2 protein chains.
Amino acid sequence: MAGKRRYEDGCAFAQALDLVGERWALLVIRELVFGPKRFTDLKADLTGIATNVLSQRLTDLEQAGIVVKKELPPPARVQVYDLTDWGRDLAPIFRVMGRWAARSPHLKTGWPLSVNAALLSLGAMFDAARAEGFAAGIELRLDGQPFAVTVRDGRLTVDPGLHEAPDVVVTGDQNSLLPVLYAGMPLNDAMRSGLRVTGDVGVLRRFATLFPMPAPAPLPAG
Amino acid sequence: MAGKRRYEDGCAFAQALDLVGERWALLVIRELVFGPKRFTDLKADLTGIATNVLSQRLTDLEQAGIVVKKELPPPARVQVYDLTDWGRDLAPIFRVMGRWAARSPHLKTGWPLSVNAALLSLGAMFDAARAEGFAAGIELRLDGQPFAVTVRDGRLTVDPGLHEAPDVVVTGDQNSLLPVLYAGMPLNDAMRSGLRVTGDVGVLRRFATLFPMPAPAPLPAG
DNA sequence: CCGAATCCTGTCCGATACTG
DNA sequence: CAGTATCGGACAGGATTCGG
């Protein structure tokens, strides 16, 4: 435990990397931004992570003050991991860096995404200019979990839980929905392959125009 | 080379980590945001990095399209590493994440910083509200290199090179200057220990009030 | 002298098996 | 369900050496 590898750098950014720069650490945080999860669910959502690594990261993040281990009240009485307020303040990182990576010349599209990754990508790719004069309430039920997406005043918000006043409700999985938003797939195609839409489909179609893919960066010589 | 460890995740953020998530990678980029450097200077500015690791990161980042290897024109004819435009777009990450880390309950202050780290920290800690109605041109000469710092319209910019119209010129090293900006050290103390100031000292004193330290996050239990 | 390539050692990661 | 134990392999750290 004493042999922890650290940059010995006064730079606050370098000290951030000491806390969240190890492999998987930021992805663990990504999976907790919309609310607490149990160990096994975290493992399921983080494809490929080993149990010992997940365990290690959670204790490291807990010691850093980013994650807290909680026990849900009876009768549930299961223990879950949640972000502290400060830990949740990392959310903008995912949007800023995700938007940057969306311009990678090597970006692989069409790969499966976790529910949390898909929801964060909305905030990353959202184009405020295209949303001018548009307001909408959309409830997304991905993998059975409801999320309230709201567009208003050129801003997009995503919160866990049911939407108070949805114009449209979309049920299905994120990997069916995202090609509609980012790759121009016709909504009808997605509905034919499992996506269910109830309510105002026009709102959803309009919503799907708010996420333009940025042009990839040029690759210097290769 | 083929055995590169990757998250196989469609999430753009996870793919960003595939590119810049390895140890030292983001710090290498940090050291290049204000302009190209030679291998040896990079090694000197990144305290503790091993030559083979630096070499490996540079070739990885070059393949990713983030870094380019250039040869300066004769008579210099030395090779330098520079960021691509896309690579330089990572600069906001340092500010956002640095500002986040400044609230760490474990933050170590008073440690030495590189020139680039110090300059990026200005953008991270700058408080626009405190700069209302204030405009200033400040030339910082840190470790012999000049940087033009400008405050205007509630915004702060930092560019490499001499300032066109400086109100004040500060010469010295970043570790003498930063305590004045962030820790309330009296400017006179810093000047007594090596910082040299020519021009309007009042502008510098006012400038030093623009960088309030945020309150550290509470540590949940211990 | 600069920019690496090459040892070697230690630590971390990944996969699986196993336990309260 | 929620982790711990174990082990092989990949990667990082440090020193040395080599080519331009």
Side-chain angles (χ1 to χ4, degrees), chain A residues 1-9 14 17-29 31-32 36-64 67-82, chain B residues 1-9 14 17-29 31-32 36-64 67-82:
Chain A
M1 280 305 144
K4 205 163 182 304
R5 224 159 25 182
R6 263 169 272 169
Y7 306 108
E8 309 218 337
D9 192 328
L17 292 182
D18 284 335
L19 300 179
V20 299
E22 283 158 309
R23 196 161 165 74
W24 289 106
L26 279 167
L27 297 185
V28 170
I29 295 169
E31 289 306 319
L32 294 175
K37 286 185 182 176
R38 296 186 298 179
F39 186 93
T40 305
D41 293 331
L42 274 173
K43 174 157 169 50
D45 293 335
L46 292 166
T47 313
I49 196 172
T51 59
N52 58 350
V53 174
L54 177 55
S55 183
Q56 182 72 54
R57 288 301 163 272
L58 286 169
T59 61
D60 289 349
L61 292 172
E62 192 175 5
Q63 287 218 283
V67 160
V68 276
K69 191 192 286 196
K70 292 178 176 173
E71 184 161 320
L72 291 187
R77 184 158 324 193
V78 291
Q79 68 181 6
V80 292
Y81 295 91
D82 199 2
Chain B
M1 281 302 148
K4 206 161 182 298
R5 221 156 30 179
R6 262 168 276 168
Y7 307 107
E8 309 219 336
D9 192 328
L17 292 182
D18 283 335
L19 300 179
V20 301
E22 284 159 307
R23 197 163 163 73
W24 290 107
L26 279 167
L27 297 184
V28 170
I29 295 169
E31 289 305 319
L32 294 176
K37 286 184 183 176
R38 297 185 299 180
F39 186 94
T40 306
D41 293 331
L42 273 174
K43 173 158 170 51
D45 293 335
L46 292 166
T47 314
I49 196 172
T51 61
N52 56 353
V53 174
L54 177 54
S55 183
Q56 183 71 55
R57 288 300 163 273
L58 286 169
T59 61
D60 288 349
L61 292 171
E62 194 176 4
Q63 287 218 283
V67 160
V68 275
K69 192 192 286 195
K70 292 178 177 174
E71 185 160 318
L72 291 186
R77 186 164 316 202
V78 291
Q79 70 179 3
V80 293
Y81 295 90
D82 198 2

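The chains referred to below are lettered A, B, ... by the order of the sequence lines, with proteins before strands, and numbering in each begins at 1. Just so you know, these numbers come straight off a predicted model, no measurement behind them.
- For A:Asp82, the salt bridge (Lys or Arg N to Asp or Glu O under 4.0 Å) partners at least two apart in sequence or on another chain are A:Lys70, A:Arg88.
- In this structure, the CD atom of B:Gln56 is 12 Å from the P atom of C:dT6, given to the nearest Å.
- In terms of heavy-atom proximity, B:Gln79 sits nearest to B:Arg38 at O-CG, 3.7 Å.
- Between A:Tyr7 and A:Lys69, it is A:Lys69 whose nearest contact on DNA chain D lies nearer the 5' terminus.
- Atom pair A:Phe39:CZ and D:dC1:P shows a separation of 12 Å (rounding to whole Å applied).
- In terms of phosphate contacts, A:Lys37 brings no side-chain nitrogen or oxygen within less than 4.0 Å of OP1 or OP2 of D:dA2.
- Listed by first and then second residue, the salt bridge (charged side-chain N to carboxylate O under 4.0 Å, His left out) pairs involving residues 45-56 of chain B are B:Lys37-B:Asp45 (not counting sequence neighbours).
- If you take CD of B:Gln79 and P of D:dG20, they are 13 Å apart, rounded to a whole angstrom.
- For the OP1/OP2 pair of D:dG13 and a distance below 4.0 Å, the side-chain nitrogens and oxygens of B:Arg23 include at least one atom meeting the criterion.
- Remark: A:Ala50 pairs with A:Asn52, A:Val53 by the side chain to side chain contact (heavy atoms under 4.5 Å, CB included) rule, at least two apart or across chains.
- Rounded to an integer number of Å, the gap from CZ of B:Arg5 to P of D:dG9 is 15 Å.
- A close approach under 4.0 Å does not occur between any side-chain nitrogen or oxygen of A:Trp24 and OP1 or OP2 of C:dC12.
- At D:dG3, one or more side-chain N or O atoms of A:Tyr81 fall inside 4.0 Å of OP1 or OP2 (strictly under the cut-off).
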A:Glu62/A:Val68 under side chain to side chain contact (heavy atoms under 4.5 Å, CB included): CA gap, chis, key distance, verdict:
CA-CA 6 Å; A:Glu62 192 175 5; A:Val68 276; 5.6 Å; no
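- At whole-Å resolution of the value, CG in A:Leu46 and P in D:dA2 are 14 Å apart.
- Rounded to a whole Å, the CG atom of A:Asp45 is 13 Å from the P atom of D:dC1.
- For the pair B:Glu8 CD and C:dA15 P, the computed distance is 10 Å after rounding to whole Å.
- In terms of the salt bridge (Lys or Arg N to Asp or Glu O under 4.0 Å) criterion, B:Lys43 has no residue partners (sequence neighbours excluded).
- Counting to the nearest Å, the C1' atom of D:dA2 and the CD atom of A:Glu71 are 13 Å from each other.
- Dashed line: the shortest gap from a side-chain N or O of A:Thr40 to OP1 or OP2 of D:dA2 is under 4.0 Å.
- Between B:Glu22 and A:Asp41, the one whose closest nucleotide on DNA chain D sits nearer the 5' end is A:Asp41.
- Heavy atoms of A:Arg57 sit under 4.0 angstrom from primed sugar atoms or phosphate atoms, though from no base atom.
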Side-chain polar contacts of residues 17-28 of chain A - donor-acceptor pairs under 3.5 angstrom, sequence neighbours left out - could you list them?
from, atom 1, to, atom 2, distance (Å)
A:Asp18, OD1, A:Tyr7, N, 3.0

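- The stretch residues 47-55 of chain B comes close to DNA chain C through B:Thr51, B:Asn52, B:Ser55, each having a heavy atom under 4.0 Å from the strand.
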